Amino acid sequence: MTRFYVTTAIDYANGDPHLGHAFEKIGADVIARYHRMVGRDVHFLTGLDEHGQKVAQTAADRGLEPQAFVDGIAARFQSMWTTLNISYDQFIRTTDATHKSGVRALIERIAEKSPDDFYEKTYEGWYCVGCELFKRENEIEEGHCAIHPTRQLQWTKERNWFFRLTKYRSFLERLFAGRPDFLLPESRRNEMLALIESGLEDISITRSRLSWAIPFPIASSDGEHQGTWVWFDALPNYLTATGYPDGAWRNRWPADLHVIGKDITRLHSIVWPAMLQAAELPLPRRLWAHGFVHLAGERFSKSAGVRLELSDAVARFGVDAFRYFLLREVPFDDDGNFSWERFEDRYNADLANALGNLASRSIAMVEKYVGGVVPTAGQTLLDEADAGDVSAYHAAMDGRDGFLLHEGLQAVWRSVARGNEYVDRQAPWKLAKDPGQRVALEETMAALVRHLARHAVLLAPFMPAKAQALWEQLGAPGTVISQRADRLQAIDASGWNVTKGAPLFPKEREGA
RNA sequence: GGCAGGGUAGCUCAGCUGGUUAGAGCACGGCACUCAUAAUGCCGGGGUCGAGGGUUCGAGUCCCUCCCCUGCUACCA
């Protein structure tokens, strides 16, 4: 079976999971579930980035040891992913012993394979304590940090280890030229090309002040082991999660896809490939940089900083509806908005009225007109027309042009709309009154059940529980998740015993 | 400031190399139907295509200028 190793970014452990984290994990989960349903051997990795100054500071503010603090955060993230039905196979934490040793091994390997790539340099400049950063000329306004104008900038000298990123310019140029789909969407790719063209700079990869970090394995000239810069620690998680450097890590690496936010494209498409190249290790096959969900609408627009509680969003219409809404409303290659108004509109229009009611009316008619057992009947124009939407769905989902999950859902709903039109055009309630139309009636009923069965399969990555509920109401055998999304033509509903259950997407009652 | 992308119906967006009355979904109005979660289907109202010039027989679609929005412009993550 073809392997498919997909990762999300690991979230920074200085706060609880929020909408932005959830959007990425849900999107990556849909990609993982889709690939399982087209027969891939999927390994889905997510995790937490637990080192760094800010984590240590936040822990201290709460009177906790860093490790105790991140243990609590990790538990909350994992609990949220369980709530959201994120089907991850592995949850990596950068404080895991295996990760720490893996990072050390990677750094040592870079030093061994590319001894010229690490060098010590004294950095001298204005340091802002508020930012924990050296500031450049253009970031200083009237002698103060633009972000922290009340703080005094300090002229500071620090001797750090540097990584010779500049050496990899032509390597990166060849990478981007030779693999046009290495980084998508196109807009992100173009930004990175522009950045590479403008010239790269070497990056400092250790910090002398940083205690909550993986000690950089190579001692400085004065004998100190500085803390490893958080990104040099975090990026390798995708590799260390495979067991690197021990065991059968080569069975999983390289990753097939890193799903990341557009804000960290540079680290993933430039720094990470350079690190791997320096270590003479294979590069990930593809990067997908998704956009962001913004909060909009009455409840959010006025006061800045108001957050959406994920638990509220889930409680409103259930997990599956929330997953559906986010991925339908927010293009996965761009930004979009969350608002309760839109959520309610889409729940009613798309889920309750269009899909839920189509299932409801179809199943009711199978029960009423043909005794609840799906008749044997051949393909119809409905099956034929659906084929176009099914291929559009796969084109959006399988990565050939990126991962346009919203377009996958659009394709399914074009089909759902066709289902409702089909019912009205066939008017089974009329066919049922005329014994001479028995064949047409049976053909119509069977076509509708196949039609819904396809929807159940195509929607299973997005709404696992609702898809299964529909699958069961149709009387289909086995579980929907074990079906092959790329073999829908084979669906034959003959003999399935339908059962009309509770509405798939119940509407709220007045005043509720 | 530089580079890139965008400003099209109330909302989210399609509109390829310029060509008949500018489209879709949702929302809204009317009609039809009754299998269904008062659901669905059909029809319809609604747009100075950011502003102003220009090229052209003809521009949302090309050129110029301007206004506005977004992203990138590297070592918080």
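Every chain is numbered from 1 and lettered A, B, ... according to where its sequence line falls, protein lines coming before strand lines. Note that the coordinates shown come from a computational prediction; the quantities given were computed from them, not determined experimentally. We use all heavy atoms of the structure for the numbers below, so side chains are in, but hydrogens, waters and symmetry mates are not.
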May I ask you to say what [X] touches in the nucleic acid, namely base, sugar-phosphate or nothing, with a heavy-atom cut-off under 4.0 Å?
X        : value
A/Trp429 : base
A/Trp413 : nothing
A/Leu165 : base
A/Ser187 : nothing

Inset, instruction - Identify, between A/Asp334 and A/Gly199, the residue whose nearest nucleotide on RNA chain B lies closer to the 5' end. - result: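 Taking each residue's closest nucleotide, the earlier one in sequence belongs to A/Asp334.
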Distance, nearest 0.5 Å, that separates [atom1] of [X] from [atom2] of [Y]:
X        : Y        : atom1 : atom2 : value
A/Phe322 : A/Leu327 : CZ    : CG    : 9.5 Å
A/Asp11  : A/Thr46  : CG    : OG1   : 6.0 Å
A/Thr94  : A/Ile214 : OG1   : CD1   : 6.5 Å
A/Leu184 : A/Thr265 : CG    : OG1   : 11.5 Å

Distance between the [atom1] atoms of [N] and [M], in whole angstroms?
N     : M     : atom1 : result
B/G5  : B/U65 : P     : 15 Å
B/G44 : B/G7  : P     : 28 Å
B/C66 : B/C28 : P     : 43 Å
B/U61 : B/G50 : P     : 8 Å
B/A38 : B/C33 : C1'   : 13 Å
B/G46 : B/G23 : P     : 13 Å
B/U37 : B/A32 : P     : 23 Å
B/A14 : B/U8  : C1'   : 10 Å

Inset, instruction - Indicate, with yes or no, if the rings of A/Phe118 and A/Phe216 have centres closer together than 6.0 Å. - result: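 Distance test on ring centres: under 6.0 Å, yes.
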Legend entry - Proximity of A/Tyr347 and A/Tyr324 rings by center, below 6.0 Å: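 Here the rings of A/Tyr324 and A/Tyr347 have centres that are no less than 6.0 Å from each other.
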Might you list the N or O atoms of the protein lying below 3.5 Å from N or O atoms in nucleotides 39-47 of chain B, with each pair's distance?
from	atom 1	to	atom 2	distance (Å)
B/A39	OP1	A/Lys507	NZ	3.1
B/A39	O5'	A/Lys507	NZ	3.0
B/A39	O2'	A/Asn357	OD1	3.0
B/A39	O2'	A/Asn357	ND2	2.2
B/U40	O2'	A/Arg361	NH1	3.1
B/U40	O2'	A/Asp424	OD1	3.0
B/U40	O2	A/Asp424	OD2	3.3
B/G41	O4'	A/Asp424	OD2	2.8

Inset, instruction - Look at A/Lys430 and B/C35 and indicate whether a side-chain polar atom (N or O) is within less than 4.0 Å of OP1 or OP2. - result: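 No, outside the criterion.
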Inset, instruction - I would like to know whether A/Arg342 and A/Glu329 meet salt bridge (charged side-chain N to carboxylate O under 4.0 Å, His left out); could you show each step before the answer? - result: CA-CA 8 Å; A/Arg342 289 293 289 173; A/Glu329 187 73 6; 2.8 Å; yes
Legend entry - Nearest-Å distance for atom pair OH/P, residues A/Tyr347 and B/C26: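 It is 18 Å, rounded to the nearest whole Å.
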